[in-house]
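Report on the structure given below.
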Amino acid sequence: MSVQKPSIPKGTRDFPPAEMVRRNYIFEVIRNVFQVFGYQPIETPAMENLSTLMGKYGEEGDKLLFKILNSGNYLDGLPESASRILDPASRLIDLTRHIADKGLRYDLTVPFARFVVQHQNELIFPFKRYQIQPVWRADRPQKGRYREFFQCDVDVIGSNSLLNEVELAQIIDAVFTRLGIRVLIRLNNRKVLAGIAEAIGAPDKLTDITVAMDKLDKTGMDKVNDELIQRGITYESVVKLQPILNLEGKIKVKFDTLETFFKDSEVGRKGLEEMRSVLEFLKDLHLENKFDFDITLARGLSYYTGTIIEVKAQDVAMGSICGGGRYDDLTGIFGLPGMSGVGISFGADRIYDVMNECKLFPETILAATRALFINFGAEEEKYCLKLLANLRQAGIPSEIYPDTVKLKKQMEYANRKNIPFVLLIGKDEIESGMLTLKDMQSGEQKSCTLEETKKLLS
RNA sequence: GUGGAUGUAGCUCAGGGGUUAGAGCACUGGAUUGUGGUUCCAGGGGUCGUGGGUUCAAUUCCCAUCUUCCACCCCA
């Protein structure tokens, strides 16, 4: 049998120890902030019923779902209509519906909504939860985009208060300040976008308008206008939209302009009012990071209804590293209407990439084992084991080299693992009862008692 | 889904229609059998992604396929 080349699926990654230490550092910072703000942890399964997932992320999203083939003979009981293989358009959807009824989660928000509905009687509302777990998307991988990645979600559900939006902004500010990443927090409101669509006379084209506008800073005005026309917006509407596309500069100017723009749009005025409250709160709080009211911010997920937030690193070109917003009726589809929630998601993997590029990881987090016992033979092993247990009980991370091999090799091991101290205990030391402690950095070594050693190592 | 690149040693990459395909790093042994990092010496390791075609001859040229990466769409 030929040996197969080891590999992992496209867009997935292994995490060696050095990376894990850093990843855990990110998770710990985020988790600590979440807890300080009073959020509680939950976890949900990696796979959900496809019925829970499908139709929640738009058509694109459905395509990006990983579907899990049913166990056993999945072709059994396949109805006649499903094998309409001659109709290529409906074939795929038809088939998957019958041979897969589970899928890997696409994000943490929809499973959370399912969770809330399912456990509504046990939860205390407003329910504030956080959740740090991997999600999967059958996307094509590229820079900053993976098929398996971790999201760190915080949501509060069962409260309409804008105080929650403000709190989330504070959480964003706290997390990125602690991690040392300089960010720009962009805010917008879906109602403002709806107002714009209404004011230019294309209320039914909200999604098309936002998708196009979202690209303004990337492709420029002309391309955006082209796309708007292409998406079926009338020339007249596009002309009306121009003052909005040109809107830049001070927040106050944006408000004044939109105020008049929305004189016939109630949604627009409502959205503007919400934005105004949130921004006023934030102004008083003196956040470390900059925030801005950006009307071109759209965000794809179809379930957002109010405030939307997106965070980008200032020093690295990368997609957003955190995003979220308010959704008024996410639980409605699972049978619990009128439950408003708002939440954000930190992209741990992108945050890692940003920190790596900017060299923001503290050196100290790499330290692990403090001392290594050299293995000189059967008798010495036995003697060292007791000393080792003693050190470990004192909370000193330590280990013994498991094999009696050449000293050179054992020293090399300590060296490569960055272990700062080595303990050499051979026949002489056993006889004298002293320990020979070597400092790997300076190369110095001295004879110590067990107590002295413990003091030096702790 | 669309477009562009890529694939040679465990890793990063040179090279080239013609005898035994190279380097650095890593690995193993030695100089140094109770002392690592530096240095020096020696050694192991490759169906040149896979399948087909052109040719006296293909790892090299051509086609297909897959892989990985990059951009678009969309997104964390």
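Naming convention: chains lettered A, B, ... in sequence-line order (proteins, then strands); numbering from 1 in each chain.
Distances were taken from every side-chain heavy atom of A/K215 (C-beta onward) to each of B/G37, B/C73, B/U35; the shortest belongs to B/C73. Closest to the side chain of A/R416, from the set B/U35, B/A71, B/A26, is B/A26. Across B/G36, B/C72, B/G30, the shortest atom-to-atom separation from the side chain of A/N415 is found for B/G36.
Counting distance only, with no hydrogens placed and no angle test, the side-chain atoms of A/R140 and the base atoms of B/U68 include no donor-acceptor pair under 3.5 Å. The base of B/G34 does not come close enough to the side chain of A/Q410 for any donor and acceptor atom to sit less than 3.5 Å apart. Judged by atom type and distance alone, A/R137 does not reach the base of B/C74 through any side-chain donor-acceptor pair under 3.5 Å. Between the side chain of A/K438 and the base of B/U35, a donor-acceptor pair under 3.5 Å is found.
Across the P atoms, B/G22 and B/G43 are found 14 Å apart, a figure rounded to whole Å. Comparing the same atom, P, in B/G15 and in B/C73 gives a spacing of 35 Å after rounding to whole Å.
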Q | Dot-bracket summary - RNA chain B, pairs being Watson-Crick or G-U whose distances fall under 3.5 Å, with | when paired to another strand | A | (((((.(..((((....[...)))).(((((.......))))).....(((((..]....)))))).)))))....
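A/C322 comes within 4.0 angstrom of sugar-phosphate atoms only, judged by non-hydrogen atoms across all strands, and of no base.
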Distances for protein N/O vs nucleotides 40-45 of chain B N/O pairs under 3.5 angstrom?
none

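Summarising the geometry, atom OH belonging to A/Y401 is positioned 6.0 Å from atom CG belonging to A/D403; distances are rounded to the nearest 0.5 Å.
In summary, the side chains of A/Q131 and A/D153 do not present any donor paired with an acceptor at a separation below 3.5 Å, with no hydrogens or angles considered.
Counting heavy-atom neighbours within 6.0 Å of A/Q40 CD, excluding the residue itself, gives a total of 12 or less.
The aromatic ring of A/F149 sits over the base of B/A76, with ring centres less than 5.5 Å apart and planes inclined by under 30°.
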